[in-house]
Amino acid sequence: MKQVDNILNMVMRFLMALAMGALVVGGTYQVVARLIGANATFVDEFLRYILIWASMIGSAYCFYRDEHLSLDLVKDRVKGPVAIALTIFIEAAVLFFVIYVFIYGGIRMTVSANNASSVMRIPFKFLYSVMPISGVLIVLGRILKYLDLLFEKKEGKA
């Protein structure tokens with residue numbers, strides 16, 4: 001299980017590093033192109049797509065690392081069985097949302113996209129495919145977290 005965890009961590013980190021590198025290179029090119037008066041329309045659209053991909057993969061990585069934005073106002077005020085029930089409810093709600101919106105909705109959106117971008121001529125299917133990819137990464141990360149918690153309880157570490 002640790003191997004799968006390490007592979008998932010490495011894949012998401014690689015994708016984020018690739019996206020961030022592309023944003024830096026593309027942004028630098030765009031600044032230089034504007035200084036010399038060159039047309040950078042292609043790079044503008046490319047950066048827009050990469051930013052969308054980076055933010056979606058980044059959100060999956062934050063969920064994987066349990067560093068995502070959350071409202072803990074209620075969860076921190078309750079203790080005992082209520083806190084456990086609330087945590088289970090929150091996790092179930094997150095999983096439902098991710099499975100229904102990111103994976104199911106993302107697949108439907110990807111399949112139904114028939115047009116292409118105006119400048120790069122890349123099908124929107126490619127752009128939209130990040131939704132189900134991000135959803136699957138989030139679900140895999142949560143499942144690994146649950147399995148880790150389960151094995152910790154069995155070994156008496158919790």
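All residue numbers refer to positions in the sequence shown, counting from 1. No hydrogens, no waters, no symmetry mates; every other heavy atom, side chains included, goes into these values.
Residues Ser134 and Ser59 approach most closely at OG-OG, 3.9 Å, considering heavy atoms. Closest approach of Thr41 to Asn39, counting heavy atoms only: OG1-OD1, 2.5 Å. Listed here is the closest heavy atom pair of Lys125 and Ala113: CE-O, 2.9 Å. Taking all atoms of both residues into account, the shortest heavy-atom contact from Met120 to Phe42 is CG-CE1, 3.2 Å. In terms of heavy atoms, Ala60 sits closest to Leu137 at CB-CB, 3.9 Å.
Looking at Leu8 and Tyr64, their side chains come closer than 4.5 Å, going by heavy atoms from C-beta outward. Side-chain contact check for Trp53 versus Phe126: some heavy-atom pair is nearer than 4.5 Å. Between Ile52 and Leu127, the closest side-chain pair of non-hydrogen atoms falls below 4.5 Å. Considering only heavy atoms from C-beta on, Pro132 stays 4.5 Å or farther from Met109 through its side chain. A 4.5 Å side-chain heavy-atom check between Leu95 and Tyr146 finds at least one atom pair inside the cut-off.
Hydrophobic clustering (side-chain heavy atoms under 4.5 Å, transitive across Ile, Leu, Val, Met, Phe, Trp, Tyr) groups Tyr100 together with Leu140. The same ILVMFWY cluster, assembled from side-chain heavy atoms under 4.5 Å apart, contains both Phe151 and Ile7. Residues Ile88 and Ile90 do not share a hydrophobic cluster, defined by chaining ILVMFWY side chains whose heavy atoms lie under 4.5 Å apart.
The OG1 atom of Thr110 sits 8.5 Å away from the CE atom of Met131 when rounded to the nearest 0.5 Å. The distance from atom CD1 of Ile50 to atom OG of Ser55, rounded to the nearest 0.5 Å, is 11.0 Å. Expressed to the nearest 0.5 Å, how far CD1 of Ile138 lies from OH of Tyr61 amounts to 14.0 Å.
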- Task: Apply the test side-chain contact (heavy atoms from CB on, under 4.5 Å) to residues Ile133 and Phe102: give CA-CA distance (whole Å), side-chain angles for both, the deciding distance (0.1 Å), then the verdict.
- Result: CA-CA 8 Å; Ile133 291 170; Phe102 279 45; over 6 Å; no

- Asp148 vs Asp5, side-chain contact (heavy atoms from CB on, under 4.5 Å): CA-CA, chis, key distance, verdict: CA-CA 10 Å; Asp148 194 33; Asp5 192 37; over 6 Å; no

Indicate every side-chain donor-acceptor pair of residues 11-36 with a distance under 3.5 Å to a residue at least two apart or in another chain.
residue: Thr28; atom: OG1; partner: Val24; partner atom: O; Å: 2.7
residue: Gln30; atom: NE2; partner: Asp44; partner atom: OD1; Å: 3.4

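Ring geometry, Phe124 versus Tyr49: the interplanar angle exceeds 60°, so the pair is classed perpendicular (tilted spans 30 to 60°).
In this structure, Phe97 places its CZ atom where only 12 or fewer heavy-atom neighbours from other residues, nucleotides or ligands lie under 6.0 Å away.
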